[in-house]
K.L.:
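I'd like to ask you about the structure that follows.
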Number of protein chains: 2
Amino acid sequence: MKVKADDRLQHAREEFIAQWGAMGTQWGINRTMAQIHALLMTAAEPMSTDEVMEALEISRGNAHANLKELVAWGLLRAVVKKGERREYFEAEKDVWRIFTVVARERKRREIDPALEVVRKCAEESRGIATPEGRAFHEQMRQLEEFVEFASRMADRVAMMKHGFAIQMAAKLLG
Amino acid sequence: MKVKADDRLQHAREEFIAQWGAMGTQWGINRTMAQIHALLMTAAEPMSTDEVMEALEISRGNAHANLKELVAWGLLRAVVKKGERREYFEAEKDVWRIFTVVARERKRREIDPALEVVRKCAEESRGIATPEGRAFHEQMRQLEEFVEFASRMADRVAMMKHGFAIQMAAKLLG
DNA sequence: CATCAGTTTCAATTATTTCCGAAAATTTAG
DNA sequence: CTAAATTTTCGGAAATAATTGAAACTGATG
């Protein structure tokens, strides 16, 4: 009976890791990174680099790079077990915190550069007197205004506490 | 003087197209697609496939595939000039509408599949009696709840009118 | 029905990203 | 200091995605 429960769990967990990894692709996150995150998010205990390598059957270099990246994002913490030399990694498991971390990162990668681009283009096209020039500038201006708005919204959302977000959402979904 | 204005415009526009294209990459949108969108968003008149090919120096196949894709997304409309046989394309220029279109598409590609995955995993792990099994199931349940929430939020936002969104935002940013 | 303008498809190529594996560097222990 | 354990780096292999170029198709027109 205990064996069967373990099998079911292992099966479900492996499926989750595989699927979550495949999904990472759609999210612009590489597959290994998403798999490691899934693995650790569903691990009872922190895991070492070697354990991760073995569990996912990936190379050391790959495991290493993606563990580092996940730590940089703030989705993993490196922990040291006392008396042990190597590092273990444990995942952030709170879904809201995971969300805010990812939101911050995506904002940084997707919104901030866009803002720079449209600002520059709006600036460069200021005061061109032809009708086409005016139209272009106006288009850039609107884009800039919108992206700035999106940027501020993203900051706010990323800072929100879970409770406040729910409250906010109630209004929106009501 | 007129020439100088035209040069400035052309320069700014080319920069916008190039940069917006590069940014597309970050957004999980391919470069050509983003460039075509940028080109048409800043075009005074609708353009034909051949004009797009020439302006961006890309092949017919590439131009064609990405124009179709943009039409499918709803970011371009195909228009027919009377007396002309070929199709011309014109871009949606309203930034809010562009945003809602992209939001819908990304939701479809990023959130919906995630929801399926976590639902399946939550289902499969229901009732596993070991402590690890319970923890896994609980993690999946929380993920499911959150992704469902995100899904509903995305739907709402994608449906919003610009005015309402601004009003909403005022509360958030206030 | 032959031709022409234009559209669509697709196999082959090219570019980009990811991953491996092994070596180099670093850290800790004895 | 030396040796063992562990982390980090990196060049090239493998996988994936984007793009080309040319051929096949469509359907209007004389």
Side-chain angles (χ1 to χ4, degrees), chain A residues 17-18 20-40 46-73 76-90 105 109-110, chain B residues 17-18 20-40 46-73 76-90 105-106 109-110 113:
Chain A
I17 292 167
W20 201 250
M23 275 236 10
T25 304
Q26 300 294 322
W27 282 70
I29 290 165
N30 89 36
R31 190 168 67 257
T32 306
M33 190 170 155
Q35 283 179 338
I36 294 178
H37 183 232
L39 176 71
L40 284 165
M47 295 174 74
S48 67
T49 302
D50 291 75
E51 287 167 340
V52 170
M53 284 169 60
E54 193 188 333
L56 301 178
E57 299 182 53
I58 59 175
S59 72
R60 181 172 304 283
N62 194 13
H64 174 77
N66 286 292
L67 283 166
K68 267 195 79 171
E69 188 69 4
L70 282 162
V71 170
W73 279 44
L76 298 184
R77 270 179 297 279
V79 300
V80 274
K81 290 193 181 176
K82 58 183 173 181
E84 288 250 22
R85 190 155 147 194
R86 69 182 140 206
E87 288 191 310
Y88 286 75
F89 298 92
E90 101 189 322
E105 183 62 26
R109 295 200 302 176
E110 298 180 1
Chain B
I17 292 167
W20 200 250
M23 276 235 11
T25 303
Q26 300 294 323
W27 282 70
I29 289 165
N30 88 33
R31 190 167 67 256
T32 305
M33 191 168 156
Q35 282 179 337
I36 294 178
H37 182 234
L39 176 71
L40 284 164
M47 296 175 74
S48 67
T49 301
D50 292 74
E51 289 168 337
V52 170
M53 284 168 60
E54 194 190 333
L56 301 179
E57 300 182 53
I58 58 175
S59 72
R60 181 172 303 284
N62 194 12
H64 174 75
N66 286 291
L67 283 166
K68 271 198 77 170
E69 187 69 4
L70 282 162
V71 170
W73 280 41
L76 297 185
R77 272 179 295 280
V79 300
V80 275
K81 290 193 181 175
K82 59 182 173 183
E84 288 248 25
R85 193 152 145 198
R86 70 180 140 205
E87 290 189 310
Y88 285 76
F89 298 91
E90 98 187 328
E105 183 63 26
R106 295 191 90 174
R109 296 200 300 178
E110 298 179 0

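So that the names make sense, note that chain A is the first sequence line, chain B the second, and so on, each numbered from 1. For the numbers below, each heavy atom of this structure counts, side chains included, while hydrogens, waters and symmetry mates do not.
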K.L.:
Below 4.5 Å, heavy atoms only, C-beta onward: do L40(A) and L67(A) meet side chain to side chain?
P.N.:
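SC-SC contact between L40(A) and L67(A) confirmed.
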K.L.:
For residues I36(A) and A63(A), report the shortest heavy-atom separation together with the two atoms involved.
P.N.:
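The pair with the smallest heavy-atom distance is CD1-O, 4.0 Å.
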K.L.:
Give a yes or no on whether R31(B) atom CZ has more than 12 heavy-atom contacts from other residues, nucleotides or ligands under 6.0 Å away.
P.N.:
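Counting neighbours around CZ of R31(B), 12 or fewer heavy atoms of other residues, nucleotides or ligands fall under 6.0 Å, so no.
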K.L.:
Round to the nearest Å and state the distance from H64(B) atom NE2 to dT7(C) atom P.
P.N.:
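Taking atom P of dT7(C) as the reference, NE2 of H64(B) is at 9 Å.
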K.L.:
Taking all heavy atoms of G28(A) and all of R109(A), pick out the closest pair and write down the distance.
P.N.:
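The answer is O-NH2, 3.6 Å.
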K.L.:
Check the distance between dT9(C)'s C1' and E69(B)'s CD and give it to me in whole angstrom.
P.N.:
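It is 16 Å, rounded to the nearest whole Å.
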K.L.:
Does the side chain of H37(B) reach to within under 4.5 Å of the side chain of I29(B), using non-hydrogen atoms?
P.N.:
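Side-chain contact under 4.5 Å: no.
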K.L.:
Which is the 5'-most and which the 3'-most nucleotide of DNA chain D that has an atom under 4.0 Å from a heavy atom of chain A?
P.N.:
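Using the under 4.0 Å cut-off, the span is dA4(D) to dT9(D).
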K.L.:
So which protein nitrogen or oxygen atoms get under 3.5 Å of nucleotides 22-28 of chain C's nitrogens or oxygens?
P.N.:
unit_1: dT27(C); atom_1: O2; unit_2: R85(A); atom_2: NH2; d: 2.8

K.L.:
With sequence neighbours left out, write down each residue that passes salt bridge (Lys or Arg N to Asp or Glu O under 4.0 Å) with E105(A), or none if nothing qualifies.
P.N.:
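E105(A): salt bridge (Lys or Arg N to Asp or Glu O under 4.0 Å) contacts with R108(A).
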K.L.:
Please identify each residue that fulfils side-chain hydrogen bond (donor to acceptor under 3.5 Å, both in side chains) with T49(B), with sequence neighbours left out.
P.N.:
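So T49(B) forms no side-chain hydrogen bond (donor to acceptor under 3.5 Å, both in side chains) with any residue.
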K.L.:
Can you tell which of N62(A), T25(A), N66(A) makes a side-chain hydrogen bond (donor to acceptor under 3.5 Å, both in side chains) with N30(A)?
P.N.:
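Going through N62(A), T25(A), N66(A) one by one, the side-chain hydrogen bond (donor to acceptor under 3.5 Å, both in side chains) with N30(A) is satisfied by N66(A) alone.
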K.L.:
As a test of understanding, state which of V79(A), V71(A), L39(A) forms a side chain to side chain contact (heavy atoms under 4.5 Å, CB included) with F89(A).
P.N.:
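Looking at V79(A), V71(A), L39(A), the match for F89(A) under the side chain to side chain contact (heavy atoms under 4.5 Å, CB included) is V71(A).
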K.L.:
Polar pairs (N or O, both sides) under 3.5 Å between protein and nucleotides 13-19 of chain C?
P.N.:
unit_1: dC19(C); atom_1: OP1; unit_2: T32(A); atom_2: OG1; d: 3.0
unit_1: dC19(C); atom_1: OP2; unit_2: N30(A); atom_2: OD1; d: 3.4
unit_1: dC19(C); atom_1: OP2; unit_2: T32(A); atom_2: OG1; d: 2.9

K.L.:
Among all residues two or more places apart in sequence or in another chain, which pass the side-chain hydrogen bond (donor to acceptor under 3.5 Å, both in side chains) test with W73(A)?
P.N.:
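For W73(A), the residues satisfying side-chain hydrogen bond (donor to acceptor under 3.5 Å, both in side chains) (neighbours in sequence not counted) are E69(A).
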